[in-house]
Novice: 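Below is the structure I would like to discuss, written out as structure tokens.
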Amino acid sequence: GLARSEALEAWESAEEAESWACQHDAEDLEGLARSEALEVLEASELADEADGGACHFDAEDLELLAQLEALDPGHPFDLRIEGDRPILVTAPHTAYLLRDGNEPHVAEVLTERIAADMAAEMGGAYLSWTHVQQLRSSALWSLALRRGADPADYLDPKNRDPNYLLADEVEANAWFGELRCLASAWRERLGPRVAMLHVDVHGCR
């Protein structure tokens, strides 16, 4: 079942790879371990059980979500340093993400492998969502569709599309905080005028 799926096992081994994460604001990380969306789903599951109509697949997804909560590393991003060159390759849409006032962005799963391989080949760095966040968003998305609900009501409100923010939100956004932190580290190590390259990988879903 989904409780110990191959995807979950793949996450456990993938998280052993080298990762370098910046310090996040407490406000950005607040509630990541237990999102409002997950609490809503648990309440909904209890209501289903009371009616005797609990869905088998819903139960599996909720079990997976509970296990992912326990495995959550405490920050939503996977930042890997593959070499010493000031090149950053990002894959911002590897999870299902909210876009304020619009339909959520569906996951572009293959962009993770493309971006990670590019970063390794060029000896730079890679940034995307952790495998926990990817699997959580996928389970929440599946639950919403199976129940005929709007996925925007189920996804974690902190999983927002970094390419779909208001201009005045960028400064406080955790994703862009990672970019600034990495750029600052490169300037400190390689000089204040070092040239840097950022490659942002997207799919077509």
Novice: Applying side-chain hydrogen bond (donor to acceptor under 3.5 Å, both in side chains), can you list everything that pairs with R99, at least two apart in sequence or on another chain?
Specialist: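 Once residues adjacent in sequence are excluded, the partners of R99 under the side-chain hydrogen bond (donor to acceptor under 3.5 Å, both in side chains) criterion are D161.
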Novice: Are the side chains of L190 and P86 in touch, meaning some heavy atoms are under 4.5 Å apart?
Specialist: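 Side chain of L190 against side chain of P86, heavy atoms only: contact under 4.5 Å found.
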Novice: Look only at the side chain of E108 and the backbone of G203, and say whether a donor-acceptor pair between them is shorter than 3.5 Å.
Specialist: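 Yes; at least one donor-acceptor contact below 3.5 Å.
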Novice: Check side-chain hydrogen bond (donor to acceptor under 3.5 Å, both in side chains) between E169 and all other residues, then give those that pass, not counting sequence neighbours.
Specialist: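 With neighbours one apart ignored, the set is R160.
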Novice: Hey, does L145 have a side-chain heavy atom less than 4.5 Å from the side chain of R147?
Specialist: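 A side-chain contact under 4.5 Å is absent here.
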Novice: Could you work out, with side-chain hydrogen bond (donor to acceptor under 3.5 Å, both in side chains) as the rule, every residue matching D168, not counting sequence neighbours?
Specialist: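 Applying side-chain hydrogen bond (donor to acceptor under 3.5 Å, both in side chains) to D168 gives none.
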Novice: Indicate whether any N or O donor in one side chain lies under 3.5 Å from an N or O acceptor in the other, for N102 and Y164.
Specialist: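 Judged by distance alone, the side chains do pair up.
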Novice: Who else is in M122's hydrophobic cluster (ILVMFWY, side-chain heavy atoms under 4.5 Å, direct or via others)?
Specialist: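 The other cluster members (ILVMFWY side chains, heavy atoms under 4.5 Å, direct or chained) are I87, V89, I114, M118, L197, V199, V201.
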Novice: In chain order, what residues pass the side-chain contact (heavy atoms from CB on, under 4.5 Å) check against R189, with sequence neighbours excluded?
Specialist: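 In terms of side-chain contact (heavy atoms from CB on, under 4.5 Å), with neighbours along the sequence ignored, R189 is linked to D84, W186.
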Novice: Got a sec, which residues hit side-chain hydrogen bond (donor to acceptor under 3.5 Å, both in side chains) with R85, two or more places apart in sequence or on another chain?
Specialist: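 So R85 forms no side-chain hydrogen bond (donor to acceptor under 3.5 Å, both in side chains) with any residue.
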Novice: Does some side-chain heavy atom of D117 sit less than 4.5 Å from a side-chain heavy atom of E121?
Specialist: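 When only atoms from C-beta onward are counted, D117 and E121 do not touch, as no gap falls below 4.5 Å.
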Novice: Could I get the full list of side-chain contact (heavy atoms from CB on, under 4.5 Å) partners for A183, not counting sequence neighbours?
Specialist: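 With neighbours one apart ignored, the set is R187, M196.
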Novice: Side chain of R180, backbone of E171: donor and acceptor closer than 3.5 Å?
Specialist: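 Looks like yes, one N/O pair under 3.5 Å.
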Novice: Just so I know, are the side chains of L155 and L97 near enough to count as touching, which here means a heavy-atom distance under 4.5 Å?
Specialist: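 L155 does not reach L97 side chain to side chain.
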Novice: Can L165 and W175 be said to form a side-chain contact (heavy atoms from CB on, under 4.5 Å), step by step?
Specialist: CA-CA 11 Å; L165 302 174; W175 174 273; over 6 Å; no
Novice: Identify the heavy atoms of A149 and Y154 that sit nearest to each other, and give their distance.
Specialist: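 In this case the closest contact between A149 and Y154 is CB-CE1, 3.5 Å.
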Novice: Can you list everything that forms a ring pair (Phe, Tyr, Trp, His ring centres under 6.0 Å) with H202? Sequence neighbours excluded, please.
Specialist: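 Testing H202 for ring pair (Phe, Tyr, Trp, His ring centres under 6.0 Å), a comparison that skips the adjacent residues, returns H93.
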Novice: Considering residues at least two apart in sequence or located in another chain, which fulfil the side-chain contact (heavy atoms from CB on, under 4.5 Å) criterion with T94?
Specialist: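 Applying side-chain contact (heavy atoms from CB on, under 4.5 Å) to T94 gives A91, T111, E112, S128, W129, Q134.
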